[in-house]
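Worksheet: the structure to be examined is printed underneath.
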Amino acid sequence: MVFSQEALKHGALQYLEGLIRFREIRYTQWVYGTNEPIDRLFTVTPFFNLSPLASILHQPEDNYRQRSFIRPLRLHKMVSQLREPGNSLLLPMLAIDGRYEAGGGGDLFPLSA
């Protein structure tokens with residue numbers, strides 16, 4: 001689940017209240033924030049042209065173990081931290097880094113957390 005900067009400014013909890021009301025929504029989703037356009041963020045090609053399911057968006061734990069200091073966050077942790085008075089939430093942010101190029105000359109935009 002990815003929240004835009006505008007959604008976070010208005011309060012993520014108001015968006016979550018509508019989602020978590022239904023049993024079809026799982027609380028185990030990864031949660032991120034972003035300043036990037038949402039549609040562009042979901043069309044990024046992961047490293048080495050792997051499946052999108054191998055990206056940081058879907059599997060952030062390997063990247064966290066290797067070189068990150070902000071722990072990936074699940075939806076259930078976000079909800080509990082937002083509802084706790086006086087608690088601050090450290091939300092991982094996703095950005096598109098256009099410095100990498102594919103071997104074929106096209107641009108790759110790997111996700112970075």
Side-chain angles (χ1 to χ4, degrees):
M1 182 175 298
V2 181
F3 289 95
S4 68
Q5 188 174 8
E6 285 299 314
L8 293 172
K9 283 181 185 175
H10 289 34
L13 199 54
Q14 81 177 25
Y15 294 102
L16 289 174
E17 293 294 334
L19 286 174
I20 62 178
R21 185 175 311 187
F22 303 102
R23 297 268 181 206
E24 292 85 14
I25 301 296
R26 292 181 176 233
Y27 285 84
T28 57
Q29 300 176 50
W30 296 110
V31 183
Y32 304 96
T34 189
N35 295 329
E36 304 288 342
I38 298 289
D39 58 339
R40 189 163 171 227
L41 193 67
F42 283 103
T43 59
V44 169
T45 304
F47 289 114
F48 310 116
N49 287 325
L50 295 174
S51 165
L53 295 177
S55 71
I56 294 171
L57 183 62
H58 294 283
Q59 295 182 359
E61 292 171 316
D62 289 336
N63 186 51
Y64 171 70
R65 278 188 227 115
Q66 291 178 17
R67 61 181 184 95
S68 186
F69 59 93
I70 299 175
R71 182 180 296 277
L73 185 66
R74 296 268 189 190
L75 180 60
H76 64 91
K77 291 282 188 183
M78 180 182 184
V79 170
S80 68
Q81 289 180 12
L82 283 175
R83 288 185 173 166
E84 186 68 33
N87 196 10
S88 295
L89 177 68
L90 195 58
L91 184 65
M93 298 291 286
L94 293 175
I96 298 172
D97 188 348
R99 295 179 295 175
Y100 302 96
E101 290 187 16
D107 287 338
L108 282 180
F109 298 101
L111 294 175
S112 59

Pair Tyr15-Met1, side chain to side chain contact (heavy atoms under 4.5 Å, CB included): steps then yes or no: CA-CA 11 Å; Tyr15 294 102; Met1 182 175 298; over 6 Å; no
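- Residues Ala12 and Leu82 come closest through the heavy atom pair CB-CD1, 4.3 Å.
- We find the CG-CD distance between Asn35 and Glu6 to be 10.0 Å, quoted to the nearest 0.5 Å.
- Taking OG1 of Thr34 as the start and CD1 of Ile96 as the end, the distance is 7.0 Å to the nearest 0.5 Å.
- Using a 4.5 Å cut-off on side-chain heavy atoms (C-beta onward), Leu94 and Glu36 make no contact.
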If you apply the rule side chain to side chain contact (heavy atoms under 4.5 Å, CB included), what do you find for Phe3 with Leu16, and how did you get there? CA-CA 10 Å; Phe3 289 95; Leu16 289 174; 3.7 Å; yes
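- Linking Ile, Leu, Val, Met, Phe, Trp and Tyr residues whenever their side-chain heavy atoms come within less than 4.5 Å leaves Leu75 and Ile70 in two separate clusters.
- Both Leu91 and Leu13 sit in one connected hydrophobic cluster of ILVMFWY residues. Membership requires side-chain heavy atoms under 4.5 Å apart, directly or through other members.
- His76 NE2: more than 12 foreign heavy atoms inside a 6.0 Å radius.
- Taking all atoms of both residues into account, the shortest heavy-atom contact from Pro92 to Pro72 is CG-CA, 4.2 Å.
- Atom CZ of Arg21 is separated from atom CD of Glu17 by 7.0 Å, given to the nearest 0.5 angstrom.
- Contact record, Gln29 with Ile25: NE2-CG2, 3.5 Å, taken as the closest heavy-atom pair.
- Using a 4.5 Å heavy-atom threshold, the side chains of Tyr32 and Leu41 count as separate.
- For the pair Arg71/Tyr64, a side-chain contact is recorded, criterion being any heavy-atom separation below 4.5 Å from C-beta on.
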